[in-house]
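In what follows, a structure is listed as structure tokens, so that the remarks can point back to it.
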Amino acid sequence: MTDNRDFAALASDRRVDQLFDGIGRRFEYLRLSLTDVCNFRCTYCLPDGYKKPCSRPTELSADEVRRIVTAFARLGLWKVRLTGGEPTLRRDFDEIARTVANVPGIRRVAMTTNGYRLAEKAAAWRAAGISAINVSVDSLDPARFAEITGHDRLRQVLAGIDAAQAAGFDSVKLNAVLMRGINDRELEAMVDFVSSRDLSLRFIEVMRTNDNAEFFAERHVTGQSVIDRLQALGWSRLPRQAGAGPAVEFGHEHAKGRIGIIAPYSKDFCSSCNRLRVSSLGKLHLCLFGDAGINLRPLLQDDDAGDELIERIRKLTATKAPAHRLHQGNSGATPHLASIGG
Ligand code: SAM
């Protein structure tokens with residue numbers, strides 16, 4: 001067995017075009033936030049809506065995005081997820097999607113959206129090179145959807161999901177955060193929804209951030225209780241795929257769709273973490289619940305800084321903490337997930 005020191009050496013070895021941290025986790029997947037602005041007001045994230053600060057640096061430009069993605073691709077990352085905030089609020093979203101899809105080495109561009117423009121834009125985003133899409137749908141009941149998100153737009157979002165399927169995305173997934181006393185009784189309805197459709201559903205355990213501690217205490221539903229309910233409905237755990245991230249997958253012999261559970265409070269969740277994040281201001285976040293991000297932006301100003309950027313990413317990644325500190329009630333520096341990119 002290789003010990004941690006060997007992995008640290010591997011992580012800093014210039015000849016290896018793969019990215020490892022100090023405990024041997026390999027990174028092939030970058031989550032890139034394009035903006036921290038969101039137009040929805042989800043109760044667990046931005047219940048009072050996005051508040052514009054008095055002064056705010058501009059978001060990464062398409063050129064800066066190209067440079068950062070190129071650096072990660074040279075380190076062996078091949079999948080990028082565009083997220084936010086709501087990434088599709090960016091006017092240059094289509095251009096950025098195309099830019100990322102054209103970076104040599106990038107084989108899969110995914111996005112996460114609240115779906116408010118999906119019905120009209122699905123075909124254009126597919127044509128821009130996005131092949132996988134996650135859409136947040138926390139309720140299938142229009143009134144409850146409006147209560148959770150602050151927008152009466154369920155019909156529009158569901159039409160977007162149909163449009164995404166028609167546009168030929170390889171993967172269309174629904175993200176749902178289950179909350180005690182709000183939408184947890186909808187689990188069965190959501191399971192039915194994906195049982196008859198070629199869609200995947202991800203139940204995400206609500207996570208405690210610095211802004212939602214009280215909400216979390218009142219509304220948190222454990223991943224294990226969701227698993228128990230799925231098993232009672234006849235769903236069974238699927239074997240873990242090589243290189244899979246922290247989601248635990250379930251299938252059912254009579255269901256077309258699949259279900260995954262993202263349960264960050266479960267034991268060993270972090271051991272399969274394959275995620276690195278870059279914020280819309282160019283900060284590298286080694287963990288969603290880590291301390292403040294590390295600013296890479298000065299190295300994104302021209303194409304020549306590529307080697308230095310790569311070296312910096314490699315060295316920083318080697319220092320990624322083995323696990324988050326959520327169990328100690330420590331959400332790091334994260335006010336809400338829109339600030340880093342959920
Ligand atoms: N605006 C996009 C959307 O609505 O999907 C992308 C950004 S959003 C931050 C990404 C995902 O994070 C969504 O599925 C959302 O439900 C989830 N999320 C946000 N805050 C969360 C929290 N505190 N706990 C669990 N999931 C959260």
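All residue numbers in this chain count up from 1 along the given sequence. Bear in mind that the values here come from a model prediction, so they are computed numbers and not experimental data. Just follow the structure's listing: the first ligand is 1, and inside any ligand the first atom is 1.
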What pairs of donor and acceptor atoms, side-chain ones from residues 154-182 against any protein atom, are under 3.5 angstrom apart with sequence neighbours left out?
residue: Gln156; atom: NE2; partner: Tyr116; partner atom: O; Å: 2.7
residue: Gln165; atom: NE2; partner: Asp198; partner atom: O; Å: 3.1
residue: Arg180; atom: NH2; partner: His220; partner atom: O; Å: 2.8

Within the side chain of Asn212, is there an N or O that forms a donor-acceptor pair under 3.5 Å with the backbone of Thr209?
->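 At least one qualifying donor-acceptor pair exists.
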With a 4.5 Å limit on heavy-atom distance, are the side chains of Ile340 and Leu337 in contact?
->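 No. Closest side-chain heavy atoms not under 4.5 Å.
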Close side-chain approach of Leu34 to Leu60, heavy-atom, < 4.5 Å =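 They are not in contact (no side-chain heavy atoms under 4.5 Å apart), so the answer is no.
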Between ligand 1 and the protein, give all atom pairs where both partners are nitrogen or oxygen and the distance is under 3.5 Å, as lines of names plus distance to 0.1 Å.
residue: ligand 1; atom: 1 (N); partner: Gly85; partner atom: O; Å: 2.9
residue: ligand 1; atom: 1 (N); partner: Glu86; partner atom: OE1; Å: 2.9
residue: ligand 1; atom: 4 (O); partner: Ser136; partner atom: OG; Å: 3.3
residue: ligand 1; atom: 5 (O); partner: Thr113; partner atom: O; Å: 3.4
residue: ligand 1; atom: 5 (O); partner: Ser136; partner atom: OG; Å: 2.5
residue: ligand 1; atom: 14 (O); partner: Ser136; partner atom: OG; Å: 2.9
residue: ligand 1; atom: 14 (O); partner: Asn175; partner atom: ND2; Å: 3.2
residue: ligand 1; atom: 16 (O); partner: Tyr44; partner atom: OH; Å: 2.8
residue: ligand 1; atom: 23 (N); partner: Met207; partner atom: O; Å: 3.0
residue: ligand 1; atom: 24 (N); partner: Met207; partner atom: N; Å: 2.8

What residues, two or more places apart in sequence or in another chain, satisfy side-chain hydrogen bond (donor to acceptor under 3.5 Å, both in side chains) together with Glu59?
->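 Only Thr35, Arg56 meet the side-chain hydrogen bond (donor to acceptor under 3.5 Å, both in side chains) criterion with Glu59.
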Is there any side-chain hydrogen bond (donor to acceptor under 3.5 Å, both in side chains) pair reaching into residues 261-272, and which pairs are they, with sequence neighbours excluded?
->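 Output for this query is empty, none listed.
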